[in-house]
Amino acid sequence: MKKTLWKTLALMLALVMMLGMFAGCSSSSDADTTEEAETEEVEETTEETAEEAEETEEAEAEEETAAATDFSSITGNLTMGTGGESGTYYAFGGVLSNYIGQNTGLSINTVSTGGTTANIEGISEFLYDLALVQSDVMTYAYEGTNSFEETGANTDFLVLGALYAETVQIVTLDPEITSVSDLAGKSVCVGDVGSGTYYNTVDILAAYGMTLDDITPIYQSFGDSTESLKDGKIDAAFICAGAPTTAVTDLATSQTVYLVSIDDEHMATLLESCPYYASLTIPAGTYAGFDEDCVTITVKATLVCRADLDEDTAYAIVATIFDNAEAITELHAKGAELDLTFATEGIAVPFASGAAKYFAEHGIEVETVD
């Protein structure tokens, strides 16, 4: 009886122990499951928080960018001096003025002028707040050299940035004129009096051992000179503007246009005496019927402002132009040449502080008067 009792107790004890083991295993498994669920939940929450933080950061960055490019508070009425109505200065200057006006609080009136010298003088006379000028002639003016030796240095303007390459085009309808030397004794338009084109003409003739006395100089705008070519009143015309130039494009629709190249020997002479020029090739096809490359020289079409233009306005103008090169290109082909490096390299005249601020934000340091 006792033995049977002890056996029964032993079996019951064993059963209790087994049940305890199963319960322990179950609790451990449940705990593990709970722990894994909690870990996953924390990880999901962390990921969601990180994503939310990233989205918030991006939204804040977008708001900051929008705020940085919102120039509606920059207001004022400005006037921009450009060039002849058939030239690139006038056309591209009008595009820039309109675009700046649409994207800032500024209103810019674009006016046709006699070109670089007239624009620099116009700033001094408070006629213009902004102007398009040739980089070579503006350097003469600021330093009081070459053609500005008699009048002295003009420091009433500062640079906002170079915009595009200007090419000196020697245009003729006479296939017998194939060299600058062939212009001797001919009637040749040399641009408006005091224009950048005038000084380019003088420099190129000098490289060939010639002066204005060797030709019959005619002083006309681009549009008038191409009309004179069409009417047979002149034999050739010097035109310094971005190619293709409206006046030459129009002429090529009704006449066979020829461009005169500068040969290697005289190009070397010209660049040695006038290092502010650079050689450039106008490709065949630039104008209708123009089937040969033309080797010539180039300078930079540069946007300048009066020296006392406030920093915020200068900054807004430069930022609006160079931050929106793509949009401007859709309005005028010269927009494709807007480039921060081109805008700042090889410029001998100081930049406006607002322009310098913009370029510094893009890692480019430029000279200022400060």
Side-chain angles (χ1 to χ4, degrees), residues 55-82 89-111 113 119 122-133 155-164 301-332 334-335 337-344 347 349-370:
E55 288 173 0
T56 302
E57 244 178 76
E58 288 176 356
E60 288 175 352
E62 286 174 5
E63 285 175 8
E64 286 175 6
T65 302
T69 55
D70 180 9
F71 297 121
S72 58
S73 62
I74 306 298
T75 59
N77 297 311
L78 305 177
T79 300
M80 179 191 290
T82 58
Y89 275 10
Y90 185 78
F92 194 49
V95 166
L96 293 181
S97 295
N98 289 335
Y99 193 85
I100 293 167
Q102 291 166 2
N103 292 275
T104 70
L106 296 168
S107 175
I108 303 178
N109 178 38
T110 304
V111 296
T113 72
N119 289 344
I123 285 180
S124 295
E125 295 166 2
F126 303 100
L127 297 176
Y128 315 130
D129 306 287
L130 309 169
L132 287 165
V133 300
T155 57
D156 295 331
F157 66 96
L158 294 170
V159 172
L160 292 177
L163 305 177
Y164 62 86
T302 307
L303 181 62
V304 300
C305 65
R306 64 174 200 269
D308 63 348
L309 187 68
D310 69 275
E311 182 173 288
D312 289 343
T313 300
Y315 180 90
I317 291 171
V318 175
T320 301
I321 292 172
F322 288 96
D323 282 349
N324 298 284
E326 255 184 61
I328 292 173
T329 302
E330 293 179 4
L331 302 173
H332 194 288
K334 284 301 167 188
E337 295 186 41
L338 292 172
D339 174 81
L340 297 186
T341 301
F342 180 87
T344 53
I347 302 296
V349 175
F351 283 73
S353 59
K357 176 183 175 182
Y358 173 83
F359 292 121
E361 291 174 351
H362 292 77
I364 301 173
E365 298 297 324
V366 295
E367 180 187 352
T368 64
V369 293
D370 299 328

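Counting from 1, the numbers follow the sequence of the chain as shown.
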Show, in sequence, the C-alpha distance, side-chain angles and deciding distance for Leu160 and Val304, and conclude whether the side-chain contact (heavy atoms from CB on, under 4.5 Å) test is met.
CA-CA 5 Å; Leu160 292 177; Val304 300; over 6 Å; no

Should Phe71 and Thr320 count as side-chain neighbours, where that means a heavy-atom distance under 4.5 Å?
yes

Heavy-atom check, side chain of Asn109 versus side chain of Asn77, under 4.5 Å:
no

Are any of the side-chain heavy atoms of Leu96 and Ile321 separated by less than 4.5 Å?
yes

Separation between CD1 (Ile100) and CD1 (Ile108), nearest 0.5 Å, reads 4.0 Å

Would you say Thr302's side chain and Gly161's backbone share a donor-acceptor pair under 3.5 angstrom?
no

Are a donor atom and an acceptor atom from the side chains of Thr113 and Asn119 found within less than 3.5 Å of each other?
yes

Quick one: closest heavy-atom pair of Ala319 and Asn324, and the distance?
O-ND2, 4.1 Å

For Ala314 and Ala352, the nearest pair of non-hydrogen atoms, with its separation, is CB-CB, 4.3 Å

Would you say the side-chain atoms of His362 pair up with the backbone N or O of Tyr358, donor to acceptor, closer than 3.5 Å?
yes

If you measure from OG1 on Thr82 to CG on Leu130, what distance do you get to the nearest 0.5 Å?
11.5 Å

State, to 0.1 Å, how close Ser97 and Thr110 come at their nearest heavy-atom pair, and which atoms those are.
OG-OG1, 2.7 Å

With side-chain contact (heavy atoms from CB on, under 4.5 Å) as the criterion, how do Leu127 and Thr79 come out once you've worked through the C-alpha distance, each side chain's angles and the decisive distance to 0.1 Å?
CA-CA 7 Å; Leu127 297 176; Thr79 300; over 6 Å; no

For residues Ala91 and His332, report the shortest heavy-atom separation together with the two atoms involved.
CB-NE2, 4.0 Å

Are Val366 and Ile347 close enough that some pair of their side-chain heavy atoms sits under 4.5 Å apart?
no

Return the CZ to CD distance between Phe342 and Glu337, rounded to the nearest 0.5 Å.
6.5 Å

Non-hydrogen atoms of Ser72 and Thr75 that approach each other most closely:
O-CG2, 3.8 Å

Are Leu132 and Leu163 close enough that some pair of their side-chain heavy atoms sits under 4.5 Å apart?
yes

Using side-chain heavy atoms (C-beta onward) and a distance below 4.5 Å, is Leu158 in contact with Arg306?
no

Can the ring centroids of Phe92 and Tyr164 be said to lie less than 6.0 angstrom from one another?
yes

Under a 4.5 Å cut-off applied to non-hydrogen side-chain atoms, are Leu303 and Ile317 in contact?
yes

Worked verdict on Tyr315 versus Glu361 for side-chain contact (heavy atoms from CB on, under 4.5 Å)
CA-CA 11 Å; Tyr315 180 90; Glu361 291 174 351; 2.6 Å; yes

Heavy atoms, side chains only, cut-off 4.5 Å: are Val133 and Phe157 in contact?
no

Taking atom types as modelled and ignoring hydrogens, do the side chains of Thr368 and Ser353 form a donor-acceptor contact shorter than 3.5 angstrom?
no

Separation between CG (Asn103) and CD1 (Ile74), nearest 0.5 Å, reads 13.5 Å

Atom CZ in Phe359, atom OG1 in Thr344: separation rounded to 0.5 Å?
6.0 Å

Distance check, rounded to the nearest 0.5 Å: Cys305 atom SG versus Leu78 atom CG?
9.5 Å

Minimum heavy-atom separation for Phe322 to Ala162, with atom names?
CZ-O, 3.8 Å

